[in-house]
A.B. asks: 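The following block contains the structure, expressed as structure tokens.
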Amino acid sequence: MTVTVQELLLSRIRDVPDHPKPGVLFKDITPLLADPEAFTALTEALSALCATHGATKVVGLEARGFILAAPVAVRAGLGFVPMRKAGKLPGATLSQAYALEYGTAEIEVHAEDLGADDRVMVIDDVLATGGTAEASLELIRRAGADVAGVAMLMELGFLGGRARLEPVLRGAPLEALITL
């Protein structure tokens, strides 16, 4: 029997009940990262999406997005740009605040890392409510770059992130390798 990439990836994601708080079922990707076959398959699938959508750079969202996006950028022959929590990057940055369930957060990117000639693929591990991804798209556009698309390992469809992102995608694709 042939196993699909999605089946392979899903089989390496561990459910952790009541983490980080009671009632939450956390999707742990560390077993996937520890499995060279699964991690390679994930990297290849995300690299293919970069090629399909004409990306020139890859943005990884802190923190697990870094783990996924950096090897994708290397495999695709593209530059990697980290998008970090506020205060973590030295030098001149652009920042974007966004709302969380309880409070606000802020992400930043180096001002010189993105420009008018860039088509950026945003990569992260999970699309949940969409707040961080939405802020990243706004920040990419404020830096003068175009959005090639958003690619996620998994989408938690019941949290409504896709619906939140639709208006800010402006026609750019949103790809999830696994939808739960």
Side-chain angles (χ1 to χ4, degrees), residues 5-6 9 29 39 41-100 104-157 159-179:
V5 170
Q6 288 80 8
L9 300 177
I29 67 166
F39 195 18
L42 173 59
T43 301
E44 293 293 329
L46 293 173
S47 296
L49 291 174
C50 289
T52 297
H53 299 300
T56 62
K57 289 201 176 149
V58 175
V59 159
L61 303 181
E62 188 165 339
R64 289 181 294 188
F66 295 175
I67 297 168
L68 304 184
V72 167
V74 170
R75 175 68 180 99
L78 304 174
F80 169 72
V81 178
M83 202 164 280
R84 304 232 32 209
K85 293 176 183 171
K88 301 289 185 180
L89 293 171
T93 61
L94 296 173
S95 64
Q96 182 71 39
Y98 60 101
L100 297 170
T104 60
E106 192 172 359
I107 55 174
E108 295 180 332
V109 67
H110 276 132
E112 72 273 5
D113 288 349
L114 297 173
D117 294 336
D118 291 319
R119 286 186 44 80
V120 181
M121 180 65 76
V122 175
I123 294 180
D124 204 3
D125 64 328
V126 176
L127 175 61
T129 62
T132 307
E134 178 182 31
S136 75
L137 299 179
E138 297 294 340
L139 194 49
I140 288 164
R141 290 188 178 113
R142 284 186 39 228
D146 289 328
V147 175
V150 176
M152 301 285 176
L153 166 57
M154 68 186 130
E155 176 181 353
L156 305 179
L159 292 176
R162 183 174 290 270
R164 179 178 184 167
L165 286 181
E166 282 300 325
V168 294
L169 284 167
R170 299 183 198 163
L174 170 57
E175 308 264 6
L177 300 178
I178 300 168
T179 301

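Only this structure's heavy atoms are used, side chains among them; waters, hydrogens and symmetry mates stay out. Since the model is a prediction, treat every value here as computed from it, not as a measurement.
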A.B. asks: Does anything in residues 122-132 pair up under side-chain hydrogen bond (donor to acceptor under 3.5 Å, both in side chains), and if so which pairs, sequence neighbours excluded?
C.D. replies: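 Counting only pairs at least two positions apart or across chains, the side-chain hydrogen bond (donor to acceptor under 3.5 Å, both in side chains) contacts touching residues 122-132 are R64-D125, Y98-T132.
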A.B. asks: Just to verify, what does R142 make a side chain to side chain donor-acceptor pair (under 3.5 Å) with, not counting sequence neighbours?
C.D. replies: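 Only Q96 meet the side chain to side chain donor-acceptor pair (under 3.5 Å) criterion with R142.
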A.B. asks: Kindly write out the residues that satisfy side chain to side chain donor-acceptor pair (under 3.5 Å) with Q6, not counting sequence neighbours, or none if the list is empty.
C.D. replies: none
A.B. asks: Is there a donor-acceptor pair under 3.5 Å between the side chain of R141 and the backbone N or O of V168?
C.D. replies: yes
A.B. asks: So which pairs with a foot in residues 85-97 pass salt bridge (Lys or Arg N to Asp or Glu O under 4.0 Å), sequence neighbours left out?
C.D. replies: none
A.B. asks: Name each donor-acceptor pair under 3.5 Å that joins a side chain in residues 106-115 to protein atoms two or more places apart or in another chain, with its distance.
C.D. replies:
| unit_1 | atom_1 | unit_2 | atom_2 | d |
| --- | --- | --- | --- | --- |
| E106 | OE2 | S95 | OG | 2.8 |
| E108 | OE1 | G87 | N | 3.1 |
| H110 | NE2 | P90 | O | 2.4 |

A.B. asks: What pairs with E166 under side chain to side chain donor-acceptor pair (under 3.5 Å), at least two apart in sequence or on another chain?
C.D. replies: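 Partners of E166 under the side chain to side chain donor-acceptor pair (under 3.5 Å) test: none.
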A.B. asks: Does any pair with a residue in residues 67-83 pass salt bridge (Lys or Arg N to Asp or Glu O under 4.0 Å), and if so which ones, sequence neighbours excluded?
C.D. replies: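 Found E44-R75.
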A.B. asks: Please name all residues satisfying side-chain contact (heavy atoms from CB on, under 4.5 Å) with T52, sequence neighbours left out, ordered by chain then number.
C.D. replies: none
A.B. asks: Applying salt bridge (Lys or Arg N to Asp or Glu O under 4.0 Å), which residue pairs with at least one partner in residues 50-62 are found, sequence neighbours left out?
C.D. replies: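 Qualifying pairs: K57-D118, E62-R84.
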A.B. asks: Can you check whether I29 reaches L42 side chain to side chain, under 4.5 Å on heavy atoms?
C.D. replies: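 No - every pair of side-chain heavy atoms lies 4.5 Å or more apart.
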A.B. asks: A55: what forms a side-chain contact (heavy atoms from CB on, under 4.5 Å) with it, not counting sequence neighbours?
C.D. replies: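 side-chain contact (heavy atoms from CB on, under 4.5 Å) check on A55 returns C50, L78, M121, A148.
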A.B. asks: Could you work out, with side chain to side chain donor-acceptor pair (under 3.5 Å) as the rule, every residue matching S47, not counting sequence neighbours?
C.D. replies: none
A.B. asks: Residues in side-chain contact (heavy atoms from CB on, under 4.5 Å) with E175, at least two apart?
C.D. replies: L49, H53, P173
